[in-house]
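Chain A is the first sequence line, chain B the second, and so forth, proteins listed ahead of strands; every chain is numbered from 1. Predicted model, so just to flag it, every value in this text is computed and none were measured.
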Amino acid sequence: MSDFLTVSVLLATLASGIRLATPFLLAALGETIGQRSGVLNLGVEGVMLLGAYGAYYATLRTDSVLLGIVVGLVVGGVMGIVYGVVTLALKAEQGISGIGIFIFGLGLSDLLFQKQVGTPTPIDGLGDVAIPLLGDLPWVGEVLFHQNVLVYAAFLLVPAMWFVIHRTPFGLDVRAVGETPEAADSLGVSVERTRYITIFVGNAFAGLAGAALALELGIFQQNLTNGHGFIAIALVYFGAWRPAGVMAGSLVFGLVSATVLQWKTLGIVVGTTASIVGMFPAVLTILVLVLVSRRTGQPSALTRPFERGH
Amino acid sequence: MGWRGWLVGMLAFALVMAACAEEEDAGRSADDPIRIAMVGPSASNDLAFTQSMVDSLDRLGQDYNIEVDITDGTFVIEDAAVAIRGYAEDGFDIVLAHGSQFGGSLSEIAPDFPDTVFAWGTSRDTFGLTNVYSYSVQSDEGGFINGTIAAHMTESKTIGVVGPIEVGDIKLYIDGFVAGVRSVDPSITVNVNYIDSFSDVALAAEAAQAHVEAGADVMTGVSQMVVGATGVAREHGVLWFGSQTDQVPLGEEIVVASQIYRWDYQLSQIVEDLLNDAVSGRVITATFSNGGLTMAYNPGLPLADDVQAAADAVEAGLKDGSLSTGVE
């Protein structure tokens with residue numbers, strides 16, 4: 001354990017935890033605003049896969065990481081429109097249609113990858129960007145301010161999302177629509193328009209989360225996200241539908257995963273013990289979910305379709 | 001049409017059906033291709049376990065008249081079970097359940113299709129059924145060769161290993177790799193990290209990053225998730241050793257050597273058994289001595305003469321039995 005408790009290893013673990021947390025954070029923030037407006041999207045994983053593939057393929061073909069990021073966002077947004085039409089216009093049950101979006105994303109991303117790329121081909125992904133002055137700070141500078149742009153973007157989106165939800169008229173509409181859509185409607189708020197916007201933004205974030213994963217790794221392969229989207233949904237509950245809570249949950253998940261990896265690397269845990277310790281992140285998430293669900297109520301209208309007059 | 005007409009019609013129909021049945025009973029003619037179906041857990045081009053079988057089927061097709069159908073990406077075992085049963089129902093001659101996780105399903109399906117040959121791996125269990133073959137690899141041998149080379153090439157005297165789950169040929173390879181390193185220089189630190197996932201690319205990347213932070217200048221890894229680890233290796237100029245397929249496409253500038261699984265060694269024996277009506281169900285293991293395992297070296301990253309000589313000596317020793325990896 002003494003090997004682990006050195007400054008360099010602790011800082012490396014912290015940096016690793018932040019990198020691991022970033023895709024979860026982006027996807028979970030998107031899901032948060034959607035759920036605050038009453039829409040559950042279980043298709044986050046599928047949208048992440050499509051965003052990841054779109055970003056990877058665009059970067060592979062053009063060598064432009066920036067274009068890759070834009071494509072990830074756009075793909076996510078388009079999937080948001082599709083999901084909005086399915087759940088809002090066609091009134092499909094949210095849980096089932098979300099699973100449909102997941103399966104669609106899983107299949108289409110793999111099909112496109114097989115047809116357009118084939119063998120996993122590395123790309124030059126996102127490089128680290130040092131923030132002037134802050135990056136030179138002892139210890140924390142290396143960990144916090146030598147990250148890629150999507151890491152910075154993800155963490156800056158937390159206060160931005162909080163501000164939008166809690167300090168803007170649109171955020172008020174979102175919260176009203178998510179709690180009592182009938183009352184919001186009676187006050188002239190368009191429930192459908194509000195939900196279309198949150199679904200669009202939420203899915204764009206999911207696409208960006210997929211892009212963050214593919215561009216950080218510099219590769220794509222079948223089922224690249226490997227359950228990240230589902231964990232992101234759990235982290236929304238973990239964070240009690242609050243951006244800061246979601247960030248805390250993402251960081252805890254990322255840091256615990258990074259710590260377990262370090263312990264394994266340093267031989268602090270081996271064999272069966274390592275496998276048991278490897279379950280810590282999931283066990284911790286379940287424990288917190290149980291505790292949070294007792295304390296905090298979800299948006300009252302979550303998963304409830306809105307029909308005027310009903 | 002009167003009742004006589006119906007009767008004649010039905011008799012004619014019965015005769016045609018009987019003729020067809022007779023033709024089926026006659027079995028496959030010599031000109032008919034052998035129909036082989038493969039169910040794989042990951043993508044056909046994963047540069048790892050599934051691709052090793054796809055490549056092997058390609059090689060098998062050079063020697064035999066075969067028709068191949070592949071269902072890949074069946075990481076959900078229930079999906080694989082449906083595909084395995086479907087292929088058997090469709091009359092394929094040989095059905096490959098390519099993944100040790102498919103054993104439970106296969107043990108239930110195979111007894112229902114006694115005329116179909118099944119093969120699965122990596123495993124050494126045929127469930128006592130005469131129509132089930134199992135295949136395995138002595139992957140510690142290639143691990144030992146890779147480890148020997150790695151020990152000669154590391155300057156930091158720290159080597160990292162990124163493994164998925166500590167089972168089967170994966171564990172054999174990694175244990176063999178560690179033994180190979182130790183055989184050259186016991187003082188070298190080998191950090192082994194099993195991430196408990198075959199497919200979590202992000203976790204594999206972070207495990208590799210942890211190895212780099214710990215000072216590793218050489219790494220190895222197995223399974224389809226290594227694409228994450230090789231990305232980190234490329235970024236930091238860390239040398240990489242592969243297994244299962246030739247992993248040079250993952251980094252021409254870092255991949256030194258790879259152990260290649262040549263499943264066609266086992267497949268050709270199964271096909272011969274089928275053609276000679278000698279299907280018996282048995283375990284077939286690939287080794288360097290029987291040609292089921294080979295090494296592939298990156299021509300763009302040639303080894304120093306003494307290192308290549310050391311690797312060749314180990315391979316020769318494994319082939320003639322004068323050398324053992326010591327891994328059990």
A.B. asks: Do A:Q222 and B:D46 get their side chains close enough for a donor-acceptor pair, meaning under 3.5 Å?
C.D. replies: no

A.B. asks: When you look at CD of A:Q116, are more than 12 heavy atoms from neighbouring residues, nucleotides or ligands closer to it than 6.0 Å?
C.D. replies: yes

A.B. asks: Identify the heavy atoms of B:A210 and A:T265 that sit nearest to each other, and give their distance.
C.D. replies: CB-OG1, 3.6 Å

A.B. asks: If we define contacts as heavy-atom pairs under 4.5 Å, which of B:G231, B:A214, B:A43, B:S44 has the most with chain A?
C.D. replies: B:A43

A.B. asks: Sort B:E235 into side chain, backbone, both or neither according to what part of it lies under 4.5 angstrom from a heavy atom of chain A.
C.D. replies: neither

A.B. asks: Counting heavy-atom pairs under 4.5 Å with chain A, which one of B:G228, B:A205, B:A204, B:G73 comes out on top?
C.D. replies: B:G73

A.B. asks: Determine whether more than 12 heavy atoms belonging to other residues, nucleotides or ligands lie under 6.0 Å from atom CG of B:D79.
C.D. replies: yes

A.B. asks: Are A:L217 and B:V227 packed together at the side-chain level, in the sense that at least one heavy-atom pair is separated by less than 4.5 angstrom?
C.D. replies: no

A.B. asks: Tell me whether A:K264 contacts the main-chain N or O of B:V192 through its side chain, where contact means a donor paired with an acceptor under 3.5 Å.
C.D. replies: no

A.B. asks: For chain A, which of B:A202, B:S197, B:G160 has the most heavy-atom pairs under 4.5 Å?
C.D. replies: B:A202

A.B. asks: Heavy-atom cut-off 4.5 Å, strictly under: side chain, backbone, both or neither for B:I165 against chain A?
C.D. replies: neither

A.B. asks: For a quick check under 3.5 Å, do A:N226 and B:S199 share a side-chain donor-acceptor pair by atom type?
C.D. replies: yes

A.B. asks: As an exercise: rank A:G118, A:G267, A:G127 by heavy-atom pairs under 4.5 Å with chain B and give me the winner.
C.D. replies: A:G118

A.B. asks: Count the heavy-atom pairs under 4.5 Å between each of A:V269, A:L213, A:L20 and chain B, then report the option with the highest count.
C.D. replies: A:L20

A.B. asks: Got B:E213 and A:V9 here, is their nearest side-chain heavy-atom distance under 4.5 Å?
C.D. replies: no

A.B. asks: Please look at B:T189 and chain A and tell me whether the side chain, the backbone, both or neither of the residue comes under 4.5 angstrom of a heavy atom of that chain.
C.D. replies: neither

A.B. asks: How far apart are the closest heavy atoms of A:P120 and B:L250, and which atoms are they?
C.D. replies: O-CD2, 4.1 Å

A.B. asks: Taking every heavy-atom pair that is under 4.5 Å apart, which of B:N193, B:V162, B:L203 has the most such pairs with chain A?
C.D. replies: B:N193

A.B. asks: Tell me, do B:Q209 and A:S16 make a side-chain contact under 4.5 Å, heavy atoms counted?
C.D. replies: no

A.B. asks: Please report the interatomic distance CD(A:Q114) to CG(B:D72), rounded to the nearest 0.5 Å.
C.D. replies: 6.0 Å

A.B. asks: Do you know the tightest heavy-atom contact between B:R234 and A:I123?
C.D. replies: NH2-O, 4.0 Å

A.B. asks: Which bit of B:E206 is near chain A, if near means a heavy-atom gap under 4.5 Å: side chain, backbone, both or neither?
C.D. replies: both

A.B. asks: Can you tell me if B:N45 and A:T119 form a side-chain donor-acceptor pair at under 3.5 Å?
C.D. replies: no

A.B. asks: Within the 4.5 Å heavy-atom criterion, are A:L266 and B:N191 side-chain neighbours or not?
C.D. replies: no

A.B. asks: Please look at A:L106 and chain B and tell me whether the side chain, the backbone, both or neither of the residue comes under 4.5 angstrom of a heavy atom of that chain.
C.D. replies: side chain

A.B. asks: In the structure I gave you, are the side-chain heavy atoms of A:N223 and B:Q224 within less than 4.5 Å of one another anywhere?
C.D. replies: no

A.B. asks: Which heavy atom in B:P249 sits nearest to a heavy atom in A:P122, and how many Å separate them?
C.D. replies: O-CD, 3.6 Å

